[in-house]
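Notes follow the structure.
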Amino acid sequence: GINPQSAFCNPQSKGETKMANIDRLRGCGTAIVTPFKQDESIDESAFRRLVNFQVENGVDFIVACGTTGESVTMSEDEQARVVELTVEASEGRAPVVAGAGGYNTREVIEKVHRYERLGADAILSVTPYYNKPTQEGLYQHYRAIADSTELPVILYSVQSRTACNIEPSTVARLAEIGNIIGVKEASGAIAQIPEIASLLDGSFKLFAGDDTVVLPVAALGGVGVVSV
């Protein structure tokens with residue numbers, strides 16, 4: 001299989017602020033799973049071991065509360081606990097990106113604030129799903145999220161799951177907002193990836209959202225992959 005770390009440059013940084021951690025958000029990021037016990041509670045010991053295994057084996061950043069982590073089937077308190085555990089287990093060895101997205105902008109902002117207090121280094125925010133917002137609606141949604149926090153925000157476009165695509169021109173508009181620093185591109189529209197790359201400068205981070213497009217994204221100047 002493809003080793004994403006061989007495809008992307010991975011310089012080290014010791015920035016102490018959240019925005020300084022931007023340089024560390026590159027390479028291979030794992031969308032970490034959430035293990036459960038038989039009683040359906042989070043298996044915290046197993047989760048800590050998983051995070052430690054990832055970090056010790058060279059993963060560059062951890063994504064907590066992504067879809068792979070069963071976030072949509074957990075309560076808000078459980079989601080927050082997963083973010084907290086990830087921060088604790090990573091011990092600063094790898095940045096922690098917390099998943100906070102959805103169609104209720106106010107609720108997303110509340111999650112972002114909670115995860116910020118828990119020590120997350122960045123936010124990965126999937127598009128609203130089901131209600132199919134316009135491109136202007138997407139812009140206003142993400143602008144409100146970004147304006148509410150000092151954390152770096154990564155857009156997440158996955159049309160096959162949400163019935164909603166962030167078009168390249170909208171990505172370019174959002175990239176003008178200082179703390180919107182990248183996009184996880186999993187739209188399935190391969191032709192869209194070079195268009196996004198052509199509209200943006202090198203400071204905006206393009207992440208492959210699917211392992212199968214790692215090499216094309218890297219060739220177009222992408223900085224990493226959020227891998228499952």
Side-chain angles (χ1 to χ4, degrees), residues 4-5 10 12-102 104 107-126 145 148-156 158 161 179 181-182 184 186 207 209 211 224-228:
Q5 289 179 300
N10 184 26
Q12 297 298 309
S13 170
K14 294 185 178 179
E16 294 180 355
T17 68
K18 298 302 182 185
M19 291 301 288
N21 276 335
I22 289 175
D23 286 343
R24 298 178 65 195
L25 291 173
R26 58 194 309 121
C28 182
T30 297
I32 197 80
V33 299
T34 304
F36 295 90
K37 298 179 181 179
Q38 287 295 322
D39 64 2
E40 298 184 359
S41 64
I42 297 168
D43 190 333
E44 297 192 0
S45 296
F47 186 80
R48 290 178 186 274
R49 290 196 299 272
L50 283 173
V51 173
N52 191 59
F53 177 85
Q54 295 290 323
V55 175
E56 286 190 345
N57 284 276
V59 163
D60 297 293
F61 59 97
I62 302 289
V63 178
C65 284
T67 310
T68 309
E70 308 289 350
S71 60
V72 295
T73 61
M74 291 191 291
S75 69
E76 290 189 5
D77 285 344
E78 287 174 325
Q79 293 171 22
R81 182 56 178 157
V82 164
V83 173
E84 184 176 34
L85 286 168
T86 310
V87 171
E88 291 174 356
S90 63
E91 298 180 317
R93 295 172 293 168
V96 174
V97 180
N104 187 325
E107 284 187 0
V108 174
I109 288 172
E110 290 173 355
K111 281 187 180 181
V112 168
H113 290 170
R114 190 170 186 180
Y115 298 164
E116 187 170 10
R117 291 192 298 271
L118 290 172
D121 295 293
I123 297 296
L124 177 66
S125 189
V126 71
I145 293 169
S148 77
T149 181
E150 295 183 358
L151 290 181
V153 176
I154 301 170
L155 313 172
Y156 181 11
V158 55
R161 303 285 187 178
N179 61 328
I181 57 110
K184 177 186 173 184
F207 293 93
D211 292 5
V225 59
V226 177
S227 179
V228 295

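Worth knowing before you read on, the calculation uses all heavy atoms, side chains too, and leaves out hydrogens, waters and symmetry mates. Keep in mind that what you see is a predicted model, and the values were worked out from it rather than measured. Sequential numbering from 1 along the given sequence is applied to the chain's residues.
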Does some side-chain heavy atom of [Y] sit less than 4.5 Å from a side-chain heavy atom of [X]?
| X | Y | value |
| --- | --- | --- |
| T30 | V63 | no |
| V153 | I181 | no |
| T149 | N179 | yes |
| D60 | R24 | no |
| S90 | V96 | yes |
| V97 | I123 | no |
| S125 | Y156 | no |
| I62 | Q54 | yes |

Looking only at heavy atoms, which two atoms of [X] and [Y] are closest? And how far apart?
| X | Y | value |
| --- | --- | --- |
| A94 | F61 | CB-CA, 4.2 Å |
| L25 | P95 | CD2-CB, 3.8 Å |
| V226 | D211 | O-OD1, 4.5 Å |
| A100 | Y115 | CB-CE1, 4.0 Å |
| V83 | C65 | CG2-SG, 4.0 Å |
| A64 | T86 | CB-OG1, 3.5 Å |

For this session: List in chain and number order the residues that pass side-chain contact (heavy atoms from CB on, under 4.5 Å) with T68, two or more places apart in sequence or in another chain; answer none if no residue qualifies.
Result: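 Partners of T68 under the side-chain contact (heavy atoms from CB on, under 4.5 Å) test: A31, V33, V228.
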For this session: Just jot down the side-chain contact (heavy atoms from CB on, under 4.5 Å) partners of T67, sequence neighbours excluded, or say none.
Result: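 Residues passing side-chain contact (heavy atoms from CB on, under 4.5 Å) with T67: none at all.
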About how many Å separate [atom2] of [Y] and [atom1] of [X], when rounded to the nearest 0.5 Å?
| X | Y | atom1 | atom2 | answer |
| --- | --- | --- | --- | --- |
| L85 | T34 | CG | OG1 | 9.5 Å |
| E116 | L151 | CD | CG | 4.0 Å |
| I32 | L50 | CD1 | CG | 5.0 Å |

Exercise. Side chains of Q79 and S71: do they bring a donor and an acceptor to under 3.5 Å?
Worked result: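 The criterion, which ignores hydrogens and geometry beyond distance, is not satisfied for S71 and Q79.
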For this session: Test the K184-F207 pair against the cation-pi criterion, namely NZ or CZ under 6.0 angstrom from the six-membered ring centroid and within 45° of the ring axis.
Result: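 Ring-cation test returns no.
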Exercise. Should the pair D77-R114 be classified as a salt bridge under the 4.0 Å nitrogen-to-oxygen rule?
Worked result: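 Salt bridge flag = yes for R114 with D77.
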Problem set entry | Pairs satisfying salt bridge (charged side-chain N to carboxylate O under 4.0 Å, His left out), at least one member in residues 39-48, at least two apart |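 For residues 39-48, and leaving out neighbouring residues, the salt bridge (charged side-chain N to carboxylate O under 4.0 Å, His left out) pairs sorted by first residue read E44-R81, R48-E88.
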Exercise. Counting heavy atoms not belonging to R93, are there more than 12 under 6.0 Å from its CZ?
Worked result: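 More than 12 within 6.0 Å, yes.
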Exercise. Do the side chain of H113 and the main chain of S148 share a donor and acceptor less than 3.5 angstrom apart?
Worked result: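 Indeed, once roles are kept as given, a pair shorter than 3.5 Å links the two residues.
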For this session: Step by step, work out the side chain to side chain contact (heavy atoms under 4.5 Å, CB included) result for V82 and E70.
Result: CA-CA 10 Å; V82 164; E70 308 289 350; over 6 Å; no
